[in-house]
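Each remark here refers to the structure printed beneath this line.
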Amino acid sequence: MVLDSVSTAGPGLQAADFTLTAPSGFGDGWNQYAHSMAWFRGRLYVGTARGNLAALRLNQPVPRLRPWPVECPERLDQIDRRAQIWAYSPDSGRWRCVYRAPLMPARDGQGEVPHFLSYRGMSVFQGASDAAPCLYVSTWSPMRVGPAELLRSEDGEHFEIVPRPGWSEAVRSFRSLCAFEGRVHTSPISSGTVPGQVSDSLGSDPTIYVSADPRRGGWRPANEPGFGNPRNLTVFELEPFAGQLYAGLVNPDGGELWRTRGGTPPYRWEPVIRGGAGRGALNEAVGALCEFQGALYVGFGILNGGYHRALKIGPAAAELIRVWPDGSWDLVMGDPRVTEQGLKVPLSGLAAGFDNLFNGYVWRMVVHQGWLYAGTFNWTNLLPYLPLAAWPADVRALLARWGEDALLERFGGFELWRSADGVHWEPVTRNGFDNPYAWGIRTLSSTAQGLFVGTVSPLGPRVAVERSGAWTYVDNPRAGCEVWRGQGG
């Protein structure tokens, strides 16, 4: 099903329309992810994650990066990893830290650890016992503390823990907080049951939990775990569209998309897309969902930035698909192929990754002033540290043709694209707003005060650089997440 649409969009935002409001991790290069974002009571809220690459060095197995991209202390507890929530007042143009995760006694009795390492999701929702809309925040807790918790704030200044869903003590984080039919929906993302788990984005409970009153709990499962398929590992994204709730899943055989009209939990669900939309494991996960002009746009990709090393999936670039209410779908950007719905060719004319094999995700999408904006994760800036002999021939051929420095200059940094009709796309920036160390757009928020873009930049505070054949660590002035504000257009 393809409908002609008449765009009423304005001229749209260009790179020159964006100004940097929060540089260098709010002044601290360990604030590396703008992990969540929401507009609440006249202010923009951003939740951070800290010290991500330093923590990754302790994973098992350790990624084969030589040298390690960032300078790290001998012990992880030498970094203050307490996640932060910042609030931005457009009138004053100032940011203020309104909440910092407390320290908690470790379960093993060995000192104190942060209660929360990150805030992965934010949603403004008014539950049955809320006197007004409240800011709800999903968290990521370390294994040495306990399960992830749900935070609630009435004023954006004071945050309290409210009852979490009845998942196991092993659940470390949850991501989406999605309102639908007067209820809020969420699902666990990662768990710490097994050392060296295949991905920090995979959990042990592929269940959606729903509550009409999260302040008081009352959580109920909204689906059969994994929708009856044990290969469905995690419910990764949730989004309402055309009177139904859509759920995007991670499956190593190919990500899936399901939908329901709601009702009394557990809901009745039906599949819309299986098998990664005919691309199999190369579309392992649904990473982003966004409604635009009567269709649901779906960003597919592979976990861990486009290469799931533990499961040996990829590397491959992301795809963008749009789904119509009748269940038919179009390939907007990606690789042509024959599917169960027939031949699919990219309507945009763009191959996977917006013609860039380093764009592993379409990480976030949002509609702003009549335009659909899509932000990517781009792993070009990891090239200097990777064992390239293990990569596919096309990556090695690019290196031989361009040279590493030229590739970093041309492709380094995330990309932000826009479209007025969902088919024709043009770049806003292809180099992370001139920051080659910024590898992704993790959050997007459309407000009356502009389009806000929250980035990920974990290469710092000191980054490894090669000089005269030797590696050394130097200060990176653009380490840490950034928040950009786009106005005009």
Side-chain angles (χ1 to χ4, degrees), residues 24-26 28-36 47-85 100-104 106-108 110-121 138-149 170-175 188-203 303-305 307-310 363 377 379 381-382 385-386 437-440 442 454-464 473 476 479-481:
S24 304
F26 304 96
D28 180 352
W30 290 117
N31 270 328
Q32 296 176 342
Y33 275 56
H35 225 168
S36 58
T48 71
R50 296 174 54 80
N52 300 74
L53 270 182
L56 188 63
R57 189 183 61 164
L58 302 180
N59 276 12
Q60 298 296 326
V62 178
R64 290 188 297 160
L65 301 177
R66 299 291 185 276
W68 196 253
V70 302
E71 187 176 46
C72 303
E74 293 183 3
R75 303 190 320 273
L76 191 58
D77 60 11
Q78 293 176 277
I79 301 171
D80 182 358
R81 297 195 68 207
R82 292 175 295 166
Q84 302 171 4
I85 296 178
R100 189 188 308 267
L103 291 172
M104 301 288 289
R107 281 178 165 179
D108 57 12
Q110 302 298 312
E112 294 183 318
V113 292
H115 199 175
F116 310 121
L117 301 175
S118 174
Y119 307 105
R120 297 190 75 163
S138 62
T139 68
W140 178 3
S141 296
M143 286 184 287
R144 294 177 63 200
V145 171
E149 303 282 4
V171 169
R172 294 175 58 204
S173 71
F174 56 114
R175 184 178 179 187
I189 295 297
S190 62
S191 60
T193 53
V194 181
Q197 60 189 19
V198 295
S199 171
D200 189 58
S201 294
L202 296 183
L303 296 180
N304 297 338
Y307 175 48
H308 197 159
R309 59 190 176 87
W363 214 351
F377 169 92
W379 55 269
N381 47 35
L382 288 178
Y385 318 108
L386 291 170
Y437 296 105
W439 69 15
R442 182 58 180 82
T455 76
V456 173
S457 185
L459 293 171
R462 289 171 59 82
V463 62
Y473 290 102
N476 179 3
C481 62

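Inter-residue side-chain proximity for W140 and R172 is flagged as met; some heavy-atom pair is nearer than 4.5 Å. Here the side chains of P458 and V70 are not in contact, with every heavy-atom distance at 4.5 Å or above. Residues R82 and P102 are not in side-chain contact: their nearest non-hydrogen atoms beyond the backbone lie 4.5 Å or more apart. Within the 4.5 Å cutoff, the side chain of D77 has no heavy atoms near those of the V113 side chain.
Remark: side-chain polar atoms of R107 are paired, donor with acceptor, to backbone N or O of V145 under 3.5 angstrom. No side-chain donor-acceptor contact under 3.5 Å links S24 to the backbone of G480. The backbone N or O of H115 lies less than 3.5 Å from a partner atom in the side chain of S141, making a donor-acceptor pair. Remark: the backbone N or O of Y119 is paired with a side-chain donor or acceptor of S36 at under 3.5 angstrom. Although no hydrogens or angles enter the test, the distance criterion places no donor-acceptor pair under 3.5 Å between the side chain of R144 and the main chain of A106. Looking only at distances, no side-chain donor or acceptor of R81 sits under 3.5 Å from a matching main-chain atom of L76.
In this structure, CG on L56 lies 7.5 Å from CG on L65, to the nearest 0.5 angstrom. Atom OG1 of residue T455 and atom CH2 of residue W439 lie 12.0 Å apart, to the nearest 0.5 angstrom. R120 contributes atom CZ, which lies 6.5 Å from atom CZ of R175 (distance to the nearest 0.5 angstrom). Taking OG of S138 as the start and CD1 of I189 as the end, the distance is 8.5 Å to the nearest 0.5 Å. In this structure, the separation between CZ on R50 and CG on D80 is 5.0 Å, given to the nearest 0.5 Å. Q84 contributes atom CD, which lies 4.5 Å from atom OG1 of T48 (distance to the nearest 0.5 angstrom).
The two residues A479 and G460 make their nearest non-hydrogen contact at CB-CA, 3.6 Å. For the residue pair W379 and G305, the shortest heavy atom distance occurs at CD1-O, 3.3 Å. The heavy-atom pair separating Q78 from R75 by the smallest distance is OE1-N, 2.9 Å. Between Y473 and E71, the shortest heavy-atom contact is CE2-N, 3.3 Å. Heavy atoms only, all atoms of each residue included: N52 and Q32 are closest at N-OE1, 2.9 Å. Here the shortest heavy-atom pairing between Y437 and S457 reads O-OG, 3.1 Å.
Checked against the 6.0 Å centroid threshold, W68 and Y385 do not count as a close aromatic pair.
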